[in-house]
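Atoms considered below: every heavy atom in the structure, side chains included; atoms not considered: hydrogens, waters and symmetry mates. Order of the sequence lines fixes the chain letters, A, B, ..., with proteins taken first and strands second; residue numbering starts at 1 for each chain.
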Amino acid sequence: MTKLLVQNLDKSYIINEGFGKRSRVHALRGLNLEVNEGEFVTVIGPSGCGKSTFLMVVAGIHPFDSGVLLLDGRPISEPGLDRGVVFQDFALFSWMTVRNNVKFGLSMKGMPEEEQHRISEHYLRLVNLQDFADVFPHRLSGGMKQRVGIARAMATEPEILLMDEPFGSLDAQTRKSLQTQLLDIWRETKKTIVFITHSVREAVFLSQKVVVLSARPGKVVETIPINLTYEERVSLSGPLMEYERRLENLIEQQIKGDASMRPVRQPPLAQSPDMLEHEMLD
Amino acid sequence: MVHSDALVDTEAVELIDPGKGKWVHYALTAWENTWPLLCLFVLWEIVARSGIIHEALFPTVTEVAQTIVRIFNEGILMRDILSSLTRVLLGGFIACLIGTVFGLIMGTNRFAEKIIVPPLNFFLSIPGIATFPIVILFLGITETTIIVTLGFEAGLTVLVNTWMGVKSVPPNMLYAGRVLGARGWPFFRRVLFPAALPSIITGYRLGFSRAWRILVGGELLVSIGTGLGYRIFLAQDFLQIDVMYAGVLLIGVFGFLLERVALRSFEVYTVQRWGMIREL
Ligand SMILES: Nc1ncnc2c1ncn2[C@@H]1O[C@H](COP(=O)(O)OP(=O)(O)OP(=O)(O)O)[C@@H](O)[C@H]1O
Ligand SMILES: [Mg+2]
């Protein structure tokens, strides 16, 4: 069953350049994506291609220009507790203790205090931070902060979890352990997750489907289903490596801006010879 | 300063000083905050005693202190202090309240910002003192005149700082609040206000210091009959130099206490504890 449906999504930012001069930056153009219920989808693509933008649009924070954006068949127009967001830069509330950060969404729901406490306790345990419940976030390390971010986003039990490079700023060990934790959490809860990353290995390890975006304006270049069992993932098996290699190649071509990889709808930036060739081939 | 014990039981955290209790800590803090001032007073005493400046123009601190005790015993000083404090606290408090509310709105609503900014800049450049004669026309020689004028000017200062504070909150912080279902009043109270608090507290500081400045001029212009400012100017008419100094000294002391005891404590308890401002 389709959880999130994105069709022909366009999103641009208006930039005020001063003296009334304004320009429009196209961050996403003609993005198509379908995420099924309970699916773990990873979006990968070069820096600045519009991944965070896409997530913020789905979160309902940024309005989009045109296209279709449906969650459970209903159009998305504003933020809601049916979507949980983990931010690239954590965005924890520094004026609340770790526990109160996790409780925040619940208290906004008007949930009774004891229940808030019980649920926050559960999620703090899940991310292994129960001993730090009463600490203010500035005393935590980056990895710990991000775990609070994850607990906070999950506590409200959203239908879909949107994660923007949650492990991007962590060291390899913490990253690895959090990836495994997240995979376990996902297997347990069967949450729908849209996960953004720069790391091919992370994408292959975690997800059932990897979506590769083009350089800005972002659009889907390719969607690759990852058919690996849990054991194959955690043991870093041969098939996993195979997927990795394939994706690496794909992304490399994206970065090099190989004309044959360019989305067809993108207007030609310059009439380079290979661009013409590409068009003639069509 | 350690505010939480949650980390103490883990192996990595070692207690290096159990502290000497609350009262010793308060005493030390009080000492830390007063010794530079005391040094200044000692310097004053030395200069005054040396006779570099004519003693009629520059009495010693001890003389001024004696004067303070004397006029206190005469009964007028207490009334002056109370009325000045009431005016500053009342005017300042109203200013903080209104300035904060409008600042938060101005920092989140484009329309409100566009409407408020031009008049804000217009009024910001007019000294409160200059408006006293006009306000007196409407409100007469009353407490209200002083409190309104003082509150207005302090309020503008709070407003500017709150507005700028809100505008410099990292967007993701606000998005996180909205994504977690905060909107309307809870959003303002639990996300926007604390996120902008470092700058808002600066606004309160500047607001209160402005309030003191206008107060003194106001008490003279309105000639309301009480207040430290009024006392200073009255003393000038009678050439009671020591009383003039006493008034000035007391204003400084109360301003200092308000800042160090109230505002600074608030700051330590909030934004410093939360790591939003650095502790040196
Ligand atoms: N607030 C904004 N105003 C104007 N342009 C923006 C804004 N945010 C993003 N952009 C532009 O949109 C494009 C996409 O930005 P986005 O943050 O979504 O990239 P990203 O894929 O998340 O990059 P990264 O992997 O580095 O996080 C960028 O090229 C940037 O120039
Ligand atoms: Mg990003």
Next item on the list: Would you name the heavy atoms of Pro79(A) and Arg183(B) that are closest together and state the gap between them?
Entry: O-NH2, 3.9 Å
Next item on the list: Return the minimal non-hydrogen interatomic distance between Leu92(A) and Met173(B), and the atom names on each side.
Entry: O-SD, 3.1 Å
Next item on the list: Measure the spacing between NZ of Lys109(A) and CG of Leu180(B) and express it to the nearest 0.5 Å.
Entry: 10.5 Å
Item checked: Heavy atoms from other residues, nucleotides or ligands near CZ of Arg178(B) exceed 12 (cutoff 6.0 Å) -> yes
Notebook entry, point to check: Considering only heavy atoms, which portion of Pro194(B) lies under 4.5 Å from any heavy atom of chain A: side chain, backbone, both, or neither?
Noted result: both
Next item on the list: Compare all side-chain heavy atoms of His62(A) with those of Tyr175(B) and state whether any distance is below 4.5 angstrom.
Entry: yes
Margin query: As an exercise, state the distance from NE2 of His138(A) to CZ of Arg273(B), rounded to the nearest 0.5 Å.
Written below: 9.0 Å
Margin query: Using every non-hydrogen atom in the two residues, find where Ala91(A) and Asn172(B) come nearest and quote the distance to one decimal.
Written below: CB-O, 3.6 Å
Check: Would the number of heavy atoms belonging to other residues, nucleotides or ligands and lying under 6.0 Å from CZ of Phe254(B) be above 12?
Finding: yes
Next item on the list: Assess whether atom CZ of Phe193(B) is packed by more than 12 heavy atoms of other residues, nucleotides or ligands within 6.0 Å.
Entry: yes
Margin query: Between Met276(B) and chain A, with a heavy-atom cut-off of 4.5 Å, which part of the residue counts as in contact: side chain, backbone, both or neither?
Written below: side chain
Next item on the list: Going by the side-chain contact (heavy atoms from CB on, under 4.5 Å) test, name the single residue among Leu162(A), Leu81(A), Thr156(A), Val85(A) that passes it with Val179(B).
Entry: Val85(A)
Margin query: Using only atom types and a distance under 3.5 Å, with no angle test, would you say the side chain of Trp95(A) pairs donor to acceptor with the backbone of Arg190(B)?
Written below: yes
Note to self: Using heavy-atom distances under 4.5 Å, tell me whether Val191(B) contacts chain A through its side chain, its backbone, both, or neither.
What the structure shows: both
Item checked: Side chain / backbone / both / neither for Thr97(A) at chain B, heavy atoms under 4.5 Å -> neither
